[in-house]
Amino acid sequence: MEAVLAGAISAALTRLGVDADLSRIGLERPARTDHGDWSTNAALVHAKGAGMAPRELAQQLAAELDGAGLPHLERTEVAGPGFVNLHLAPSWLHEVLAGVLNQGAEGYARHDVGAGQTVSLEFVSANPTGPLHAGGGRWGAFGDSLARLFRRCGYDTVTEYYVNDLGAQVLLFGQSLLARLTGEPVPDDGYHGEYVADWASELASELRSRAGGEGDPSLLVRDAALNAGLAPIPLGSSVEARLAARWGIERALRDVRETLESMNVSFSHWQHESELAESGAMDAVLAQLRTAEEPGAQDAVERTPDISWTYTDDGAEWLRTTEFGDDKDRVLIRSGGEPTYFLPDIAYHDAKFSAERFRRFRRQDSARGEVDDDGTSGEVDLVIDVLGADHHGYVARMAAAMQMLGHPAESYEAIVGQNVTLMRDGKVIKLSKRTGTMVEVRELVDAVGPDVARFAFLLQSIDSRQTIDIDLLSAQAAENPVFYVQYAHARIASVARRAEADGVAPVPPPSTDLSPLAGDRELALLRALEVLPSVVEIALRERAPHKVTTWVRDLAAAFHGFYHDCPILHSEVSPEVRDARLCLTEGTRIGLAIGLDLLGVDAPEAM
RNA sequence: GCGCUUGUAGCUCAAUUGGACAGAGCAUCUGACUACGGAUCAGAAGGUUCGGGGUUCGAAUCCCUGCAAGCGCGCCA
C-alpha cells in the first residue's frame, strides 16, 4: 500500500509540473486517526520550489490523487499547514489481515532487504572470571534480539562470544582461586567475591575425587598442574595458578552460558583468544599491518609506499590509528616485546570477516536446525560489536585497524550502549572486584523468571542508562508488562480452544468475509497489526529492538480493548461477525507470536 | 580540561529521526460486563520536553551556549 501511494504522489506531482524530490517526501501514518490512514507532507516540502502557497499546492495534489483511481481511497483532505491526508476504506485493512493469515508467523513481517548479505554479531564477551553481571544481561538480550531482527530481514547472521582467556585478569583470577584453595590471602588486586571461594572448594573436591579420596588440596593442585601440560597458556606464573585459571575459566563460562541460555540467548560460536593465538593469526595480521601497501591502504589517505602502518617509538611498536581519525596512535607491541590486548583483538576482528569461518559457524547452526544454510561468498559484509559505554573509547582504534586491513569503513560497526545497574531494595550495588559485592543476572532470573528479566532488559532504548531493582521488579511482577502481552496471547489461545470445541474454527479468507470488521476497536486492532512490517524494518535499521517491545505492548492493548468490547463466541453474535472476529483474533496471535519471538520471550497458550 | 552518551508527567520510559493537540506503564482518584480468562476495560488528574538564544511553514528532535549526570581519555583488558 505504501509503495502504491508513494508512486501515486510522485506521479501527481509530476503532472502538476513539480520537480518531485522523493527523498524529502514523507508518507506516514498519522498519530491521530482523524488525520487519516496515511498522510504526506509533499506539498509542504515542494511549495517553495513550485512558487505556491503550501495549502494551495496541497489542494491541487489532493485533487490529483482523488482523480487517480487509487484502490481503497475514500477521500483526501488538506489539513494544517498543508498536509494531505488520505482516508482509506476499511477494505485495505481487511486485505492486510488476509495477508497476515496467509503468510502466518513464518512469513508476515519478513523482509528480504538483507538477502545475500552476511552479518557477524558479537556481544556480551564478558571476561571469563566470574558470573554474568548486569551489563552481560542487557547486551545478551539486546544482541540476541538484534540477531533475530537481522535474520527476519533476510541477513545471514552469526553470533559470537569472545572468550578472553589469556590476559592478566585471567592470571589474577587463577591466583585468587588458588589462594582460596590453599588458604593463603587473595592478592590485593585479585578477585574477592564470594563465588571465588565457592568455586575453589568445588575445584578442591574435584581434585580430591580425581585423586581417589583424601588429600591436601594444595599438593593435589600441584600434581594436577604438572600432569596437565599447560604450555599453551603463557601466563608467566606458577603452574598451579595456571591450572586454577584454566579450570576457573571453564567454570565461569559454564555459569555464563547457563545464565544466558536461561534467558533464551545462545551463540553460534564461542571464540577463545588462546585458540586464535595458536593459529598464528596474530603474526599474520601484524605482518600485514607492517606493510602499508596492502589493499587496506585507503585512497583517501595519502601515503608513500615505503611507510608502514606501524612505527617504533620508545622501544614499542605503534599503529598509526590517527590516520583514520583516532585521538592518538596506539601501542601494538610493548617495549618489553609483549603484545597489548589490541593486537589479538585486531586479529580476531579480521578473522570475523572470513567467509570460510563464517560458513563453518553457519553450518553448525544449520545442523542444530536454527537457521538454513544457503551458502555465501566473499567477505562477511558487516561485522558488529555490541559494547558497553566503558569501551566506547576503543571503537576508533578498531575501526582504524579494520580499514588498514582492507575492510571498508562501513563494514565495521560498533554499537555502544549505556551501562546498567542491578539494584537490590533501592540500593545501588557498586560493581566491585575488590569487595566482591555485586548482583548477578542469575539472581535476577531466579527472582523474576526469564521472561520478565529479558523483557525488562528490552524495555528501553540502549542509549538510556538503566537501573533494574530486583526487589522492585519482584514486588511488581504481577503488573509486569510482559504478562500483559502474554496474557493477550493466552486469551487468544483460549478463544481458539473454545471455538474448536464449538466446531466453529476460523477459515481464512477468501472463505471468510472480513468486511464485518468495521468497528472502532476492530479497526484499531487492524491498524496496530498493519504496522508490524515497518516496525521490524525500523527496529533493525536503528538497531533498536526496544521498538518491538513498544509495538507488542501496543498490539496487546488494542487486542484487550477489542476483546472487552467485541464478543466473539457469544450466542447473539451472528456467524458472519463471529467468523470475521475469529480471523482477526488469529491474525493478532500471529503478530504477538512474531513480536515475542523477536524479543526471545515465550508466547504461552495458557498462564 | 577534551571526547562520547544522556536530560521528557511524582517514578520508569516512548515519541514513525523535522510533523499536526508530546504518549504509555506504575503510583493516585472514579467507574464497568453474573464474565469467549478481571493478569481486562473506560475515565480523571498530572508537562515551560534542564535553562537561554537561533535555524523554518513546523523543533523534544537540528545548530550555538550554559547547567547537570554517566562513561572514556594507559606500553590495562
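So you know, we letter chains A, B, ... as the sequences are listed, proteins then strands, and number each from 1. Computed from a prediction, not measured in an experiment: that's the story for all the values here.
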Open item on the list: Taking syn as a glycosidic torsion within 90° of 0 and anything else as anti, which one is U17(B)?
Closed with: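 Because its glycosidic torsion lies within 90° of 0, U17(B) adopts the syn conformation.
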- [ ] Using the six-membered ring for Trp and the full ring for Phe, Tyr or His, decide whether Tyr487(A) stacks on the six-membered base ring of G37(B) (centres under 5.5 Å, planes under 30°).
- [x]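 It does not: the ring fails the test against the base of G37(B).
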From the options [options], select the nucleotide whose nearest atom is closest to the side chain of [X].
{"X": "Arg553(A)", "options": "A24(B), A32(B), C13(B)", "answer": "A24(B)"}
{"X": "His560(A)", "options": "U6(B), G19(B), C41(B)", "answer": "C41(B)"}
{"X": "Arg32(A)", "options": "C71(B), A20(B), C36(B)", "answer": "A20(B)"}
{"X": "Gln460(A)", "options": "C26(B), C57(B), C13(B)", "answer": "C13(B)"}
{"X": "Phe483(A)", "options": "U40(B), A20(B), A39(B)", "answer": "A39(B)"}

Task: Strand contacts (RNA chain B) in residues 491-500 of chain A, 4.0 angstrom heavy-atom criterion - done: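 Within this stretch, Arg491(A), Ser494(A), Arg498(A) sit under 4.0 Å of the strand.
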Open item on the list: Under 4.0 Å, heavy atom to any atom of RNA chain B: which of residues 572-589 of chain A qualify?
Closed with: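 None - not one residue of the stretch has a heavy atom sitting under 4.0 Å from the strand.
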Polar side-chain atom of [X] near backbone of [Y] as donor-acceptor pair, under 3.5 Å:
{"X": "Thr322(A)", "Y": "Gly325(A)", "result": "no"}
{"X": "Ser464(A)", "Y": "Gln460(A)", "result": "no"}
{"X": "Arg152(A)", "Y": "Glu537(A)", "result": "no"}
{"X": "His392(A)", "Y": "Ala389(A)", "result": "yes"}

Open item on the list: Taking the side chain as everything from C-beta on, heavy atoms only, tell me whether Glu2(A) gets closer than 4.5 Å to Arg29(A).
Closed with: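 Yes, close enough: below the 4.5 Å cut-off.
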Touch class at under 4.0 angstrom, heavy-atom based, for [X] against every strand present:
{"X": "Leu44(A)", "value": "base"}
{"X": "Glu542(A)", "value": "base"}
{"X": "Ser461(A)", "value": "sugar-phosphate"}
{"X": "Tyr484(A)", "value": "sugar-phosphate"}
{"X": "Ala47(A)", "value": "nothing"}
{"X": "Pro481(A)", "value": "nothing"}
{"X": "Asn41(A)", "value": "base"}

Open item on the list: My understanding is that a pair needs two contacts under 3.5 Å, Watson-Crick or G-U wobble. By that rule, which nucleotide pairs with C4(B)?
Closed with: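 G70(B) - that is the nucleotide pairing with C4(B), both distances being under 3.5 Å.
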Open item on the list: I'd like to know if Arg334(A) pairs up with Glu317(A) as an ion pair, taking the criterion as any Lys NZ or Arg NE/NH1/NH2 lying under 4.0 Å from an Asp or Glu carboxylate oxygen.
Closed with: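 The answer is no: the pair does not qualify as a salt bridge.
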Open item on the list: Less than 3.5 Å apart, any donor N or O on the side chain of Asp579(A) or Thr512(A) sitting next to an acceptor on the other?
Closed with: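 Thr512(A) and Asp579(A) do not have a side-chain donor-acceptor pair below 3.5 Å.
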Task: Modelled atom types, side-chain donor and acceptor of Gln169(A) and Tyr191(A), under 3.5 Å - done: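 Per modelled atom types, Gln169(A) and Tyr191(A) side chains form a pair under 3.5 Å.
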Open item on the list: Whether the side chain of Asn85(A) and the base of A20(B) hold a donor-acceptor pair under 3.5 Å is what I'd like checked.
Closed with: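 Such a pair exists between side chain and base.
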Open item on the list: Each nucleotide in nucleotides 72-77 of chain B should get exactly one letter: B, S or -. Can you fill that in based on protein heavy atoms under 4.0 Å?
Closed with: SSSBSB
Task: Same-atom distance (C1') from C29(B) to C67(B), integer angstrom - done: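 Going atom to atom, C1' in each nucleotide, I get 37 Å.
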Task: Below 4.0 Å: OP1/OP2 of A24(B) and any side-chain N or O of His546(A) - done: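 False: His546(A) side-chain N/O out of range (4.0 Å or more) of A24(B) OP1/OP2.
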Open item on the list: It should be established whether Lys48(A) places a side-chain nitrogen or oxygen under 4.0 Å from OP1 or OP2 of nucleotide C57(B).
Closed with: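 So the side-chain polar atoms of Lys48(A) do come within 4.0 Å of the phosphate oxygens OP1 or OP2 of C57(B), strictly under.
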